[in-house]
Engineer: 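I have a structure I would like to understand better, so I am pasting it below and will then ask my questions one at a time.
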Amino acid sequence: MTLPYATLPGDLDHLIADEHVVTNRLFEHIEAGRGDRRMLVDQVSYGRALHAHAEEEVLYPALAEIGAAADAEEGRDEHQALKRLLVLLDHADPGSHEFERALNKLIRGVRHHIEKEEREFLPALRRAVGTEEMGRLGERYLAAKRSAPARSHPTVPPTGRRRRLMNVAAGFMDKVRDRVSGRSNVLSTDASWLLDTQAQRILDTWSRLVLAPYELLTLEQARQQPSLADAAMKILRQDGRPTDPEEVGSAADVTVPGPGGDLVVRVYKPLGQTRDPVPVVMWVHGGGWVLFTNDDYDASCRALVTRTGAIVVSPEYRKAPEHVFPAAHEDVLATYRWLRTNATGLGGDPSRIAIGGEDVGANMAAATCGQLKQAGEPLPVAQVLVCPLTTTAQYGASMRDAADARPLNRPLLSWMMMHAFRGVTDSLKDPRVDLLPLSAQGLAGLPPTLIVTTDRDVLQSQGDEWCARLEAAGVRATSVRYRAVMHDFFGLATVLDKAAHAQEEVALHLRQAFGEAPTAHPSDGAPMRAPKVIG
């Protein structure tokens with residue numbers, strides 16, 4: 001099911017509906033015989049334990065306050081029955097009669113619970129309290145999930161002081177049990193077996209490094225967590241391989257003027273540069289507008305320098321929620337304008353500047369091209385969009401099919417937007433961030449574009465659709481899709497062969513735009529309508 005009305009990231013019903021989609025997708029893997037059965041059930045069990053606790057703390061009291069006490073009691077009763085099944089699953093072995101019987105009952109019960117909530121409870125609550133209150137309830141819901149025990153405890157009372165005391169004790173014991181059993185190590189990985197061996201190893205390693213799934217953390221906690229780049233470094237150390245960054249001529253931070261004050265911009269130059277000037281690539285890092293820095297995407301920039309011979313410039317834009325939209329977009333646009341004026345001083349060719357980025361960095365790269373076009377300013381000679389976000393809507397089949405994927409799943413995407421647009425939710429439809437609704441006239445004349453997607457990414461559908469809309473507007477656009485790898489894979493070439501292939505694909509696109517490699521076109525002269533699939 002999906003909710004029959006619009007919601008905002010961070011609203012209580014939006015958060016709960018995201019969890020519903022993830023849980024149902026995990027069930028679909030189980031029913032199809034995909035993935036690690038124990039791991040999938042552990043992830044379901046963890047998610048349902050936190051979900052039930054938070055609903056009992058927030059949703060059901062809110063329902064009671066609007067006169068729906070009977071609905072609240074029905075929900076609590078269903079939770080108790082589901083918790084007892086989860087306890088059985090926790091102690092039984094996959095494949096045993098007890099395990100499979102309890103699992104089938106759980107799947108039926110949870111789906112019934114989901115339908116009831118989305119068809120009756122949540123719409124009734126929204127009608128009664130309104131959008132603003134749903135946002136406040138969402139904040140309380142997330143806080144309740146962060147304090148919840150990691151396992152189900154049907155003997156804990158549904159309300160009262162005794163409930164609070166028992167939950168504290170249960171939460172402590174759950175942490176000890178999860179640490180000893182290793183269960184905590186699998187809660188942030190991809191349990192579907194839809195990734196290739198290298199990608200799976202990266203996510204398994206990363207899952208053992210992080211405190212908890214990002215969307216359950218406070219912003220401060222999330223910013224302290226390791227990235228996939230840290231997981232790659234650990235794998236290299238485990239394999240006894242060098243961990244030195246890819247060598248370039250130089251990498252130095254410079255300060256440039258920005259709309260909100262000075263900006264730090266990292267400038268990478270090629271090794272042994274003998275010709276002057278050289279092309280320039282402005283590369284914008286990802287992180288959902290709220291996480292990560294140039295350090296986390298250093299490998300991407302170094303790879304582009306080595307494979308193109310170009311100077312690579314990467315802006316460190318302002319982050320939300322301290323600086324909400326459009327602060328980051330303004331910083332990226334200002335950096336591009338500075339680069340066009342100062343490329344010669346860096347040893348670059350101002351007539352051969354390209355732009356690109358990953359994740360929301362790709363969104364800002366595309367938005368920069370659109371703003372330059374609208375202002376009548378010179379455009380980059382090419383753009384590259386890796387795993388791009390092109391709409392703030394929960395768009396396309398991948399939003400369901402990859403809802404459970406990692407490192408970016410559907411709840412984390414909502415968590416990021418909740419922080420990025422806090423207090424400015426009207427901006428979710430701003431044409432600088434919500435790109436898909438732009439007209440063909442608005443897209444016509446944009447630079448040749450390469451879009452790189454993966455099939456285990458909630459953003460895949462909107463990347464494909466953006467490519468189709470660019471083509472329809474007459475833009476030379478190409479899409480390459482990598483199978484069996486995750487979002488944010490591009491900079492992991494030292495431990496992921498498909499990332500190395502993607503880097504070569506991107507470098508070829510850029511060299512062609514710079515006039516340094518022959519340009520290939522479809523043999524019939526028609527644009528490529530379907531993505532090239534790798535893997």
Engineer: I need the single residue from Val284, Asn363, Leu263 that forms a side chain to side chain contact (heavy atoms under 4.5 Å, CB included) with Val332. Which is it?
Structural biologist: Val284
Engineer: Does the distance from a Lys or Arg side-chain N to an Asp or Glu carboxylate O, for Arg266 and Glu316, drop under 4.0 Å?
Structural biologist: no
Engineer: Quiz question: by atom type and distance under 3.5 Å, do the side chains of Tyr141 and Glu19 form a donor-acceptor pair?
Structural biologist: yes
Engineer: Within the structure provided, determine whether Trp289 and Val433 are in side-chain contact (heavy-atom separation under 4.5 Å).
Structural biologist: yes
Engineer: Decide, yes or no, whether a salt bridge links Arg183 with Asp90 under the criterion of side-chain N to carboxylate O below 4.0 Å.
Structural biologist: no
Engineer: Under 3.5 Å, side chain of Thr205 to main-chain N/O of Arg201, donor-acceptor pair present?
Structural biologist: yes
Engineer: So Glu516 and Pro279, do their side chains get closer than 4.5 Å, heavy atoms only?
Structural biologist: yes
Engineer: Spell out, as yes or no, whether a donor-acceptor pair under 3.5 Å connects the side chain of Thr392 to the backbone of Asp434.
Structural biologist: no
Engineer: How about Asp36 and Trp193: do any of their side-chain heavy atoms sit closer than 4.5 Å?
Structural biologist: yes
Engineer: Work out which heavy atom in Ala420 is nearest to a heavy atom in Ala320; give both atom names and the distance.
Structural biologist: CA-CB, 3.5 Å
Engineer: Examine distances only and state if a side-chain atom of Asn342 and a backbone atom of Gly345 form a donor-acceptor pair shorter than 3.5 Å.
Structural biologist: no
Engineer: If you measure from the Lys or Arg side-chain nitrogens to the Asp or Glu carboxylate oxygens, is any gap between Glu139 and Arg422 under 4.0 Å?
Structural biologist: no
Engineer: Should Pro9 and Leu428 count as side-chain neighbours, where that means a heavy-atom distance under 4.5 Å?
Structural biologist: yes
Engineer: Using only atom types and a distance under 3.5 Å, with no angle test, would you say the side chain of Gln462 pairs donor to acceptor with the backbone of Thr390?
Structural biologist: yes
Engineer: State whether the side chain of Asp18 and the backbone N or O of Leu15 hold a donor-acceptor pair below 3.5 Å, judged by distance alone.
Structural biologist: no
Engineer: What heavy-atom pair brings Gly288 and Val360 nearest, and what distance separates the two atoms?
Structural biologist: N-CG2, 3.5 Å
Engineer: At what distance, to the nearest 0.5 angstrom, does NE2 of His419 lie from CD of Glu322?
Structural biologist: 10.0 Å
Engineer: In the structure I gave you, are the side-chain heavy atoms of Cys387 and Thr454 within less than 4.5 Å of one another anywhere?
Structural biologist: yes
Engineer: Would you say that Lys532 contacts Thr478 through its side chain, given a criterion of any heavy-atom pair below 4.5 Å between the two side chains?
Structural biologist: no
Engineer: Is the closest side-chain heavy-atom distance between Met399 and Leu413 below 4.5 Å?
Structural biologist: yes
Engineer: Thinking salt bridges, do Glu215 and Lys145 make one under a 4.0 Å N-O criterion?
Structural biologist: no
Engineer: His487 and Gln460: side-chain donor and acceptor closer than 3.5 Å?
Structural biologist: no
Engineer: Just checking, any donor-acceptor pair under 3.5 angstrom between side chains of Tyr317 and His329?
Structural biologist: no
Engineer: Output yes when a side-chain donor or acceptor of Arg151 lies under 3.5 Å from a complementary backbone atom of Asp174, and no otherwise.
Structural biologist: no
Engineer: Check the side chains of Asp404 and His29 for a donor-acceptor pair under 3.5 angstrom, ignoring hydrogens and angles.
Structural biologist: yes
Engineer: Do you know the tightest heavy-atom contact between Leu510 and Ala382?
Structural biologist: CD2-CB, 4.4 Å
Engineer: Do the side-chain N and O atoms of Ser414 and His14 include a donor-acceptor pair separated by under 3.5 angstrom?
Structural biologist: yes
Engineer: Ignoring hydrogens and geometry beyond distance, is a side-chain donor-acceptor pair present between Trp283 and Glu358 at under 3.5 Å?
Structural biologist: yes
Engineer: Angle class for the Phe325/Phe421 ring planes (parallel below 30°, perpendicular above 60°, tilted otherwise)?
Structural biologist: tilted
Engineer: Between Asp190 and Arg406, does at least one N-O distance fall below 4.0 Å, as a salt bridge requires?
Structural biologist: no
Engineer: Hey, mind stepping through Arg456 and Val485 against side chain to side chain contact (heavy atoms under 4.5 Å, CB included) and telling me if it holds?
Structural biologist: CA-CA 6 Å; Arg456 281 297 281 164; Val485 293; over 6 Å; no
Engineer: I'd like to know if the side chain of Gln394 pairs up with that of Arg410 as donor and acceptor (distance under 3.5 Å, no hydrogens or angles considered).
Structural biologist: yes
Engineer: Apply the test side chain to side chain contact (heavy atoms under 4.5 Å, CB included) to residues Val290 and Lys319: give CA-CA distance (whole Å), side-chain angles for both, the deciding distance (0.1 Å), then the verdict.
Structural biologist: CA-CA 5 Å; Val290 295; Lys319 304 293 189 304; 5.7 Å; no
Engineer: Which residue is it: Glu505, His501, His509? I am looking for the one with a side chain to side chain contact (heavy atoms under 4.5 Å, CB included) to Val480.
Structural biologist: Glu505
Engineer: Ignoring hydrogens and angles, tell me if any N or O in the side chain of Arg307 forms a donor-acceptor pair with the backbone of Ala303 under 3.5 Å.
Structural biologist: yes
Engineer: Any non-hydrogen side-chain atom of Leu389 less than 4.5 Å from a side-chain atom of Asp359?
Structural biologist: no
Engineer: Could you report the tightest heavy-atom contact between Ala484 and Lys498, atom names first, then the distance?
Structural biologist: CB-NZ, 3.9 Å
Engineer: Hey, mind stepping through Val254 and Leu346 against side chain to side chain contact (heavy atoms under 4.5 Å, CB included) and telling me if it holds?
Structural biologist: CA-CA 11 Å; Val254 300; Leu346 298 175; 5.7 Å; no
Engineer: Which atom names give the shortest non-hydrogen contact between Ala144 and His53, and what distance separates them?
Structural biologist: O-CD2, 3.2 Å
Engineer: Any donor-acceptor pair under 3.5 Å linking the side chain of Ser45 with the backbone of Val41?
Structural biologist: no
Engineer: I'd like to know if the side chain of Gln198 reaches the main chain of Asp497, judged simply by a donor and an acceptor atom lying under 3.5 Å from each other, with no hydrogens or angles considered.
Structural biologist: yes
Engineer: Are Tyr214 and Asn409 linked by a side-chain donor-acceptor pair shorter than 3.5 Å?
Structural biologist: no
Engineer: For the residue pair Arg146 and Thr218, what are the closest heavy atoms and their distance?
Structural biologist: NE-CG2, 3.6 Å
Engineer: Is a salt bridge present between Arg208 and Asp204, judged by a nitrogen-to-oxygen distance below 4.0 Å?
Structural biologist: no
Engineer: Test side chain to side chain contact (heavy atoms under 4.5 Å, CB included) on Val452 and Phe489 and set out the steps.
Structural biologist: CA-CA 10 Å; Val452 177; Phe489 80 110; 3.9 Å; yes
Engineer: Check whether Ser192 reaches the backbone of Gly35 with its side chain - one donor and one acceptor, N or O, closer than 3.5 Å.
Structural biologist: no
Engineer: Might you confirm whether atom CZ of Arg38 has over 12 heavy atoms from other residues, nucleotides or ligands at distances under 6.0 Å?
Structural biologist: yes
